Every structure is written in structure tokens, then in C-alpha cells.
Number of protein chains: 4
Amino acid sequence: MTRAAQMLETYPGDFGFDAKALAECIAACQECAQTCTACADACLAEEQVAELRSCITHNLNCAAVCTATAAVLSRQTAYDDAVTRAVLEACAAACKACGDECAHHGEMGMEHCRVCADACRRCEQACRALLVAAS
Amino acid sequence: MTRAAQMLETYPGDFGFDAKALAECIAACQECAQTCTACADACLAEEQVAELRSCITHNLNCAAVCTATAAVLSRQTAYDDAVTRAVLEACAAACKACGDECAHHGEMGMEHCRVCADACRRCEQACRALLVAAS
Amino acid sequence: MTRAAQMLETYPGDFGFDAKALAECIAACQECAQTCTACADACLAEEQVAELRSCITHNLNCAAVCTATAAVLSRQTAYDDAVTRAVLEACAAACKACGDECAHHGEMGMEHCRVCADACRRCEQACRALLVAAS
Amino acid sequence: MTRAAQMLETYPGDFGFDAKALAECIAACQECAQTCTACADACLAEEQVAELRSCITHNLNCAAVCTATAAVLSRQTAYDDAVTRAVLEACAAACKACGDECAHHGEMGMEHCRVCADACRRCEQACRALLVAAS
């Protein structure tokens, strides 16, 4: 069991989501934040960095939004549906845009972009699954 | 001139927004992030902290979203309209919810909540102004 | 293999640390950031929240520092030893203080604090291991 | 009066620092975080981006540390001296390194780096002033 799942088990109240879907989305957001930060850094180290400007910006934006989303999802006390949904929508949008960009570079042979695209897809799906579950 | 406005002036490209509206929104996001962090802390120090649980959560969520929004708005290279709009929507939603909660406590005499409600209102308006300008 | 380890494998340069120790520290920082955010939230939901003020502040500070540390460690291009060491020292200090506080409440029966203390200890050790390896 | 100063005035407890020095350091950290984020983005947009790799990394690391420092300084409830000092040391180190790098590029004619170097110097000084005041 992950530490995030343990924290949900020991939480002294109820929460607005299915615990398993919630733990999965938190884990996906954190993984995507780190992978995007590392992908921006790897793109920066590439010889053809000038062609990767758009990828770096998408990576950094996606990392920022995923980090905020993981934090919002980790707070269940006085849970607010409207805020959580808007944050999940923003996170799904950032992951979609970054995942598309990285998938393109991944197909051209950039291995870090291929790994990053996978992390973005997983996170986008986890956000959308939580949005459906909450509706 | 603020340092944010100076940075926009020295930026070596074009950007998707009116520079003045963009600088105002970045400043409002940063101010709101700090005010919300401080308001959560002030609520925590209050004797009646148990009645301020919802306010603390709103403050912390709003601070997280405002911080991410300020960072996304500070990046104009390879600007992406869909991501920016979704982030601005999330920020406006977080500021609306936190501003309503803080305004309520402000009316009951909590001075830090009154100040924080003002910061939330300013940030919500700045986000909505940018959304209108970008449409 | 974790996504963080995959990203290190596909990085197009050298990095200043042993890849395994680096991946472990990044993972520990991210886990600790999430666990501390969740522990602050769980403390806030407790009936005796007034006695947990110090724990909540330690949790929030530790989460902020761990998030920044994970991001700094995820960037290896133009690695700077002095900055990385100072950040690792700050992270170890935040984890030590939060771990001590949470361990105390964990012994009194707060399960979320017990889990959080474990995450803080793991992260403090991972930071110190990286500091030793880098010296 | 800035909103940060208003929040300190309405705080329902004591704090470990002189209010004016504290408000100045919080403002300097936030300004530096934004300026560094914008400078990384401006460097990315430059034709000679390949020569600015080190500057981009320093900017992003400095932004991450300054954001965390502003948040830690905004929390005065259950203030912890050891954690705050370690965080201020890390912030001063990040600002020093980034300020040196940006000053170098500023002298070569990069206006955004020149502005950013000023923000880094101000923040480094504010952190060191708080460290002296707290000792």
C-alpha cells in the first residue's frame, strides 16, 4: 500500500471520492509533475534545444498544474466540489497539451519525451476518471 | 514600474495578452497566494480555529492554484491558449470560493479574513478580465 | 522501474549523483510532500485541532520544502553543487522537525501522524545520504 | 501598505521577526520567484538559447526555492527557528548563484537577465538581513 493510500485510511473523516480513484489520481499527478520537470531539463540538455522550446514550456506548465492538483486533492477537510472540478479540468487540459507535444517528439526518437507522454496520458485519464466519478 | 512589467518589456518575443492586463493578473495571483497562505496561518492561530476549518482549506487551495497560475502566466514562449484558459478558470473558481468564505468571516470581525477577501476578489477579477481579453 | 528512474536513464547528459540514490531522494521528497499535505489536512479534521497547530505548520512547511527539493533534484543540466547542498540541508531540517513533531503525536495514537513521521524519516535520510555522497 | 504588511498587522499572535523586515523578505521572495520564472522563459525565447542553459536552470531552481521560502515566512504560528534559518540559507544560496549568472548575461546585453539579477540581489540581501536579525 502506498503512503498516500495509508493517509486516506487514517483520515478522521469522510471524503468526496472513492479512495482508490483518489489515491490513483494523487499518485498520477505527482508522477507527472516530476516527469515533466525532468523532461524539461532533458530537453534543455539536448543539442537541438531550440526546436524543443514548446515542449519545455508545456512541461513546466504541466508540472506546475500537477503539483497544485496533487495538493488540492490531498485536502479533504471542507472539500469543495466546484474548486476541485475546475482544478481537475485544468490539470487534464495541461496533461493533454503536454502529452500531445511529448508524444510527437517521442515518435521522433526522444526517449525522455516518450516516457513523459506516458505519464501525461496516465494523469489526464486519472483526472477525467475523478471528474466522471464526482459528477 | 514593477519588476513583472519590466520583464514583459524586455521579453524578446510577442505575447498573447495585453501587457498591462497580464502584469496586473500576475501581481494579483502572487498577492492572493501570499495573503491566503498568511490567512490560513492567522486562522490557525485563532482561539476558535475549529470553526475556521473550511476557511483554512479554501485558503490553502487558493494559494496553491494562484501560485501555479502566476507561474503559467509568466511563461509566454510557446503560449498555449487552451491550457492558459483552463488554468485561469480554475484560479477564478478558487478565488471566488475563498473570497466568499473569507468575506463571511470578515463580516464577523476577522480582520485577516477581510483583507484576504479583498485579495481574492482582486485576483478573481484579474483572471476574468484576462479570460475576456483572450476570447 | 519508476518513471523517475526511467527519466534518469533517458537523460542525455551526465549527472552529479549516483542515479539510484538520486531517484530514491526524489521519490522520498515527493512522498513526504504529499504525506505532509495530507497530515495537515487530517490534523485539521481532528476534534482536538487546537492542540495540533504546531503539527499543521510543520506539515505545511515540510511539504513546501520537499516540493521545491524534488524539483531542484529533477534538474541536472548545469547542476550547481552549492545550491543543491543548501536545498538538501533545508529539506533535511524541515523533515527532522516535522518528523519529531509527528512522531510525538503518533505515539499518542494519531495514526496519520505515525505514517507521516515515517515519510519524514525516510526523506530526511535520503537527503542526508545524498549530501554524504556529494561531499 | 502592502497586503502582506496588512496581514502581519491583523495576525492574532506574536511573530519571531521584526514585521517590516519580514514583510520586505516575503515581498522580495515573491518578486524574485516571478522574475526568475519570466527570465527562464525569456532566455528560452532567445535565439542563442543553447548558451543560456545554465541560466535557465538557475532561474527555475531559484524560483522554486523563493516560492517555498515565501510560503514558510508567511506562516508564523508555531514558528520554528531551525527550519526557517535553513530555508533562508537555501534561498540566499539560490539567489546568489542565479544573481551571479544573470549579472554576467546582463553585462553582455541581455536586459531581462539584468532585471532578474537585481531581483536576485534584493532577495539575497533580504534573506541575509532576516538571518542576522534572527541570530
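Everything numeric in this text was worked out from a predicted model, so none of it was measured. Here is the naming used below: chain letters follow the sequence lines, and residue numbers restart at 1 for every chain.
- Contact detail for Glu89(D) and Ala86(C): the closest heavy-atom pair is O-CB, 4.5 Å.
- Taking chain D as the reference chain and counting heavy-atom pairs below 4.5 Å, the highest number among Asp80(C), Thr69(C), Thr67(C) is found for Asp80(C).
- For residues 24-53 of chain D, the interface with chain C (any heavy-atom pair closer than 4.5 Å) comprises Arg53(D), sorted by residue number.
- For the options Cys98(C), Cys91(C), Ala92(C), Ala90(C), heavy-atom pairs under 4.5 Å to chain D are most numerous at Ala90(C).
- The contact list for residues 54-63 of chain D toward chain C, using heavy atoms and a distance under 4.5 Å, reads Ser54(D), Thr57(D), His58(D), Leu60(D), Asn61(D) by residue number.
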